[in-house]
Peer 1: 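If you scroll down you'll find the structure; I have some questions about it.
These values consider heavy atoms only, across backbone and side chains, with no hydrogens, waters or symmetry-generated copies. Each chain gets a letter, A, B and so on, in the order the sequences are listed, and its residues count up from 1.
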Amino acid sequence: MTIRVRFAPAPSGSIHVGNARTALFNWLYARHNGGVMVLRVEDTDRSRVSEESFRAVLDDLRWLGLNWDEGPEVGGPYAPYRQSERLDIYRAVVDRLLLAGLAYPCFCTPEELEERRKAAMAAGRRPGYDGRCYRLTDVERTKFEAEGRPYVIRFHVPEEGSTTFRDLVTGHVTVDHAQIDDFVLVRKDGFPLYNLAAPVDDGMMHMTHVIRGLDLQPSTPRQILLHYALGNEIPEYGHLPLILGADGQPLSKRHGEVSIGWYREHGFLPEALVNYLALLGWSPRDGSVILPLSQIVAQFQIEDVGASPARFDLEKLTWMNGEYIRSLPDDELLRRLEPFLVRVGLVSDPPSAAERSLMAAVVPLVKTRIERLDQAAALVAGIFREVPVDPAAAEKVLGEEYVPELLERSAAALEGLEAWDRDGIEAALRGVQTEMGLKPRKAFVPFYVAVLGSNVGAPIFDSMALIGREKVLDRLRQVREKFFPGPGAAGGT
RNA sequence: GCCCCGGUCGUCUAGCGGCCUAGGACACCGCCCUCUCAAGGCGGAGAUCACGGGUUCGAAACCCGUCCGGGGUACCA
């Protein structure tokens with residue numbers, strides 16, 4: 001039998017890392033087993049969904065590289081895949097349940113329910129729905145209907161017995177029916193609720209496995225009961241432990257970086273994020289940490305997923321991102337870096353041929369120095385354009401006594417260079433360094449400040465070579481004038 | 001309150017009764033390399049396996065209890 005899994009988000013903007021991890025595990029399960037990945041959009045709550053949120057979900061999944069075999073924009077045998085377009089289906093199912101006496105209208109108002117809930121709590125009883133509308137007589141029911149009283153539709157849960165299911169990650173779970181009250185299937189406004197739409201679709205779409213967050217585990221017995229009522233095959237369930245913030249609290253907006261969009265904008269590589277997410281709750285049998293998607297697919301076993309919650313560690317993700325950046329071929333890294341350089345205006349949009357070759361030259365210089373794509377610009381800005389000297393850096397390294405002489409002599413040496421290339425520049429500056437008896441660090445750091453504007457940057461000989469003789473000498477001149485004014489101040493031996 | 005699920009270095013985890021004086025990765029510390037910053041190499045520190053009982057010749061692993069954390073208890077998903 002072909003394995004069929006689904007990712008079923010309620011679209012509410014750029015997806016959350018927890019949802020991304022759920023999507024990933026479903027996708028991995030499908031790919032590892034040669035199954036089918038379905039994307040189903042659970043947008044039945046009209047008040048919370050919008051077209052942009054829907055688009056954002058698709059964009060995020062595509063960016064992560066998690067494609068779907070059936071779903072929006074690709075279609076499939078069970079289309080449509082947006083629940084908002086399947087309302088007739090749910091309506092028909094509810095009619096069937098009503099007819100069979102498995103569901104019933106409930107006329108209790110939210111206020112009444114709230115009141116009874118409080119009373120039950122106070123009396124130390126279970127606060128759930130007491131099932132009173134189930135016991136309504138036909139006369140009462142028709143009377144209420146005739147009065148036009150609004151109602152919801154509830155599913156009638158058997159009073160006796162219990163429901164047990166095997167959870168792929170957590171083991172067997174048993175819940176007594178006494179713990180499950182008659183839950184609402186259809187709202188007053190006629191719209192279906194999660195606990196109706198999800199199992200109906202899972203059944204119709206022939207899902208074999210339902211892999212989702214642990215927060216949904218309590219709703220599983222309800223859904224299984226509904227599956228029985230509908231005569232569906234019961235899918236297998238697997239509930240993934242939740243992802244927590246660094247402080248161990250549930251991941252929320254309060255932790256800032258929760259949406260996939262944020263990671264994209266801050267220069268994270270999708271393959272790094274996917275690799276990191278895969279390791280939250282799962283680990284490969286061979287114990288490796290950096291493993292390409294193909295390896296994750298090859299090794300992924302749902303049985304190897306742990307049941308304890310994991311904290312999201314931005315530092316580790318960032319390290320991993322650096323590893324992925326370093327492993328990229330130069331031309332690929334160039335392609336990924338481009339939008340980040342365009343974004344801060346270091347090159348035009350689109351970049352000119354000259355800018356493009358300059359970027360290409362710069363790539364190997366930044367490769368081992370960045371952990372996120374958005375960090376490159378600061379390291380190489382001085383190569384693309386003149387950057388004002390950072391006052392703090394100037395104070396720190398330009399203040400020393402030997403600096404004016406160093407700058408003076410070096411400028412002269414550079415001016416006299418026959419060919420302006422990296423090795424020539426290095427030879428010239430090392431010459432001055434030896435003559436003056438300076439340590440390499442002392443002799444070269446001032447140039448980072450003077451030429452690149454900061455004491456941190458891409459290697460200075462390479463940078464100078466790329467900037468060009470004219471501009472380098474000009475910047476050195478400016479620095480001498482600004483920081484060491486006055487005739488002879490920078491002079492002699 | 002009631003129900004469900006968890007609990008191994010700061011963090012992610014390995015461990016599926018003897019291979020554990022508990023292994024790896026991130027972070028941290030030291031040394032080496034070095035034109036800044038990195039990257040890289042080598043080394044170090046870091047865990048009474050939540051706690052208490054059992055089962056067993058033997059327990060991080062199995063069972064029970066306690067505690068702690070999370071989830072659910074919606075006309076959200």
Peer 1: side-chain contact (heavy atoms from CB on, under 4.5 Å) with A:A307: which residues, sequence neighbours excluded?
Peer 2: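 With neighbours one apart ignored, the set is A:V169, A:T170.
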Peer 1: Counting heavy atoms not belonging to A:E147, are there more than 12 under 6.0 Å from its CD?
Peer 2: yes
Peer 1: Can the positive tip of A:R21 be found less than 6.0 Å from the middle of the six-membered ring of A:F25, inside 45° of the ring normal?
Peer 2: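 Judged by the rule, A:R21 and A:F25 form a cation-pi pair.
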Peer 1: So A:R422, base contact, sugar-phosphate only, or nothing? Heavy-atom distance under 4.0 Å.
Peer 2: base
Peer 1: Roughly how far apart, to the nearest Å, are B:C62 and B:C16 at atom P?
Peer 2: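 After rounding to an integer number of Å, I get 11 Å for this pair.
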Peer 1: In this structure, how many angstroms lie between the P atom of B:U34 and the CD atom of A:E426, rounded?
Peer 2: 12 Å
Peer 1: Would you say A:T170 reaches B:C5's phosphate, i.e. side-chain N/O to OP1/OP2 under 4.0 Å?
Peer 2: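 So the side-chain polar atoms of A:T170 never come under 4.0 Å of the phosphate oxygens OP1 or OP2 of B:C5.
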Peer 1: How would nucleotides 65-77 of chain B be written as a contact map, 5' to 3', with B for base contact, S for sugar-phosphate-only contact and - for no contact, using protein heavy atoms under 4.0 Å?
Peer 2: -----SSS-SBBB
Peer 1: When rounded to the nearest Å, what value does the distance between C1' atoms of B:G23 and B:G70 take?
Peer 2: 28 Å
Peer 1: Please measure how far the C1' atom in B:A25 lies from the corresponding atom in B:U8, and state the result in whole Å.
Peer 2: 15 Å
Peer 1: B:G24 and B:G46: how far apart are their C1' atoms, nearest whole angstrom?
Peer 2: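 About 14 Å, rounded to a whole number of Å.
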Peer 1: Where do A:Q375 and A:R369 land on the side chain to side chain contact (heavy atoms under 4.5 Å, CB included) test, with the steps shown first?
Peer 2: CA-CA 9 Å; A:Q375 293 169 331; A:R369 283 170 245 269; over 6 Å; no
Peer 1: For the pair made of CG in A:L291 and P in B:A14, what is the distance, rounded to whole Å?
Peer 2: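 That distance rounds to 14 Å.
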Peer 1: When the C1' atoms of B:A60 and B:A14 are compared, how many Å lie between them, rounded to an integer?
Peer 2: 12 Å
Peer 1: Supply the atom-to-atom distance A:R91 CZ to A:I89 CD1, rounded to the nearest 0.5 angstrom.
Peer 2: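 Between A:R91 CZ and A:I89 CD1, I get 11.0 Å after rounding to 0.5 Å.
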Peer 1: Under 3.5 Å for both donor-acceptor distances, Watson-Crick or wobble: does B:C26 have a partner, and if so which one?
Peer 2: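 Answer to the pairing question: B:G10, which forms a Watson-Crick or G-U pair with B:C26.
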Peer 1: Give me the distance, rounded to whole Å, that separates B:G58 from B:C31 when you measure between the P atoms they each carry.
Peer 2: 48 Å
Peer 1: How would you label the contact of A:P459 with the nucleic acid (heavy atoms, under 4.0 Å): base, sugar-phosphate, or nothing?
Peer 2: base
Peer 1: Per the atom types in the model, does the base of B:C12 pair as donor or acceptor with the side chain of A:R311 at under 3.5 Å?
Peer 2: no
Peer 1: Please report the distance separating the P of B:A61 from the corresponding atom of B:C9, rounded so that it comes out in whole Å.
Peer 2: 14 Å
Peer 1: Check the distance between B:U34's P and A:Q433's CD and give it to me in whole angstrom.
Peer 2: 12 Å
Peer 1: Can you list everything that forms a side-chain contact (heavy atoms from CB on, under 4.5 Å) with A:H16? Sequence neighbours excluded, please.
Peer 2: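 For A:H16 the side-chain contact (heavy atoms from CB on, under 4.5 Å) partners, ignoring immediate neighbours, are A:N19, A:L251, A:V258.
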Peer 1: Does B:C19 have a Watson-Crick or wobble partner in any strand here, with both distances under 3.5 angstrom, and which is it?
Peer 2: none
Peer 1: In whole angstroms, how far is the P atom of B:G40 from the CD1 atom of A:I290?
Peer 2: 10 Å
Peer 1: Nearest whole Å is fine: how far is B:C37 P from A:D390 CG?
Peer 2: 15 Å
Peer 1: Would you kindly give the CD1-to-C1' distance between A:I243 and B:U11, to the nearest whole Å?
Peer 2: 14 Å
Peer 1: Residues in side-chain contact (heavy atoms from CB on, under 4.5 Å) with A:P309, at least two apart?
Peer 2: A:L244
Peer 1: Report which part of the nucleic acid A:R125 touches: base, sugar-phosphate, or nothing (heavy-atom distance under 4.0 Å, all strands).
Peer 2: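 If one applies the 4.0 Å heavy-atom cut-off, A:R125 turns out to touch nothing in the nucleic acid.
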Peer 1: So which nucleotide does B:G1 pair with, by the Watson-Crick or G-U wobble rule with both distances under 3.5 Å?
Peer 2: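 B:U73 is the nucleotide pairing with B:G1.
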Peer 1: Between B:C2 and B:A45, how many Å separate the two P atoms, rounded to a whole number?
Peer 2: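 Here B:C2 and B:A45 have their P atoms 47 Å from each other.
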Peer 1: My understanding is that only residues two or more places apart in sequence, or in another chain, count here; which of them pass ring-ring contact (aromatic ring centres under 6.0 Å, His included) with A:W282?
Peer 2: A:F300
Peer 1: Using Watson-Crick or G-U wobble geometry with both distances under 3.5 Å, which nucleotide pairs with B:C33?
Peer 2: none
Peer 1: What salt bridge (Lys or Arg N to Asp or Glu O under 4.0 Å) pairs are there with at least one residue in residues 431-456 of chain A, not counting sequence neighbours?
Peer 2: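 Matches after skipping sequence neighbours: A:E400-A:K442, A:R409-A:E435.
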Peer 1: Give one of base, sugar-phosphate or nothing for A:G281, where a contact means two heavy atoms less than 4.0 Å apart.
Peer 2: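 Sugar-phosphate only.
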Peer 1: So, A:R149 and A:E145, do they make that salt bridge, N to O below 4.0 Å?
Peer 2: no
Peer 1: Below 4.0 angstrom from OP1 or OP2 of B:C35, is there any side-chain N or O of A:R441?
Peer 2: no
Peer 1: Taking pairing as Watson-Crick or G-U wobble with both contacts under 3.5 Å, can you name the mate of B:G65, or confirm there isn't one?
Peer 2: B:C51
Peer 1: ring-ring contact (aromatic ring centres under 6.0 Å, His included): which pairs involve residues 427-458 of chain A, sequence neighbours left out?
Peer 2: A:F444-A:F461
Peer 1: Going by the salt bridge (Lys or Arg N to Asp or Glu O under 4.0 Å) test, which pairs reach into residues 305-316 of chain A, not counting sequence neighbours?
Peer 2: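 Applying salt bridge (Lys or Arg N to Asp or Glu O under 4.0 Å) to every pair that reaches into residues 305-316 of chain A, excluding sequence neighbours, yields nothing.
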Peer 1: Considering every strand and a 4.0 Å limit on heavy-atom distances, what is the contact class for A:F191: base, sugar-phosphate, or nothing?
Peer 2: nothing
Peer 1: Could you check whether the side chain of A:Y448 and the base of B:C35 have a donor-acceptor pair of N or O atoms closer than 3.5 Å, going by distance alone?
Peer 2: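 Indeed there is one.
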Peer 1: Please write out each protein N/O paired with an N/O of nucleotides 24-33 of chain B under 3.5 Å, distance rounded to 0.1 Å.
Peer 2:
from: B:A25; atom 1: N3; to: A:K316; atom 2: NZ; distance (Å): 3.1

Peer 1: According to the Watson-Crick and G-U wobble definitions, with both distances under 3.5 Å, which nucleotide is paired to B:A39?
Peer 2: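 WC or wobble partner does not exist here.
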Peer 1: By ring-ring contact (aromatic ring centres under 6.0 Å, His included), which residues pair with A:H177, not counting sequence neighbours?
Peer 2: none
Peer 1: Are any protein N/O atoms closer than 3.5 Å to N/O atoms in nucleotides 43-46 of chain B? If there are, list each pair with its distance.
Peer 2:
none

Peer 1: Within this structure, what is the NE2-to-P distance between A:H172 and B:C5, rounded to whole angstrom?
Peer 2: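 These atoms are roughly 12 Å apart.
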Peer 1: Rounding to an integer number of Å, can you tell me how far A:M464 CE sits from B:U36 C1'?
Peer 2: 12 Å
Peer 1: Can you sort out the partners of A:R154 under side-chain contact (heavy atoms from CB on, under 4.5 Å), two or more places apart, ordered by chain and number?
Peer 2: A:Y104, A:C106, A:L113, A:Y129, A:V152, A:D182, A:V184
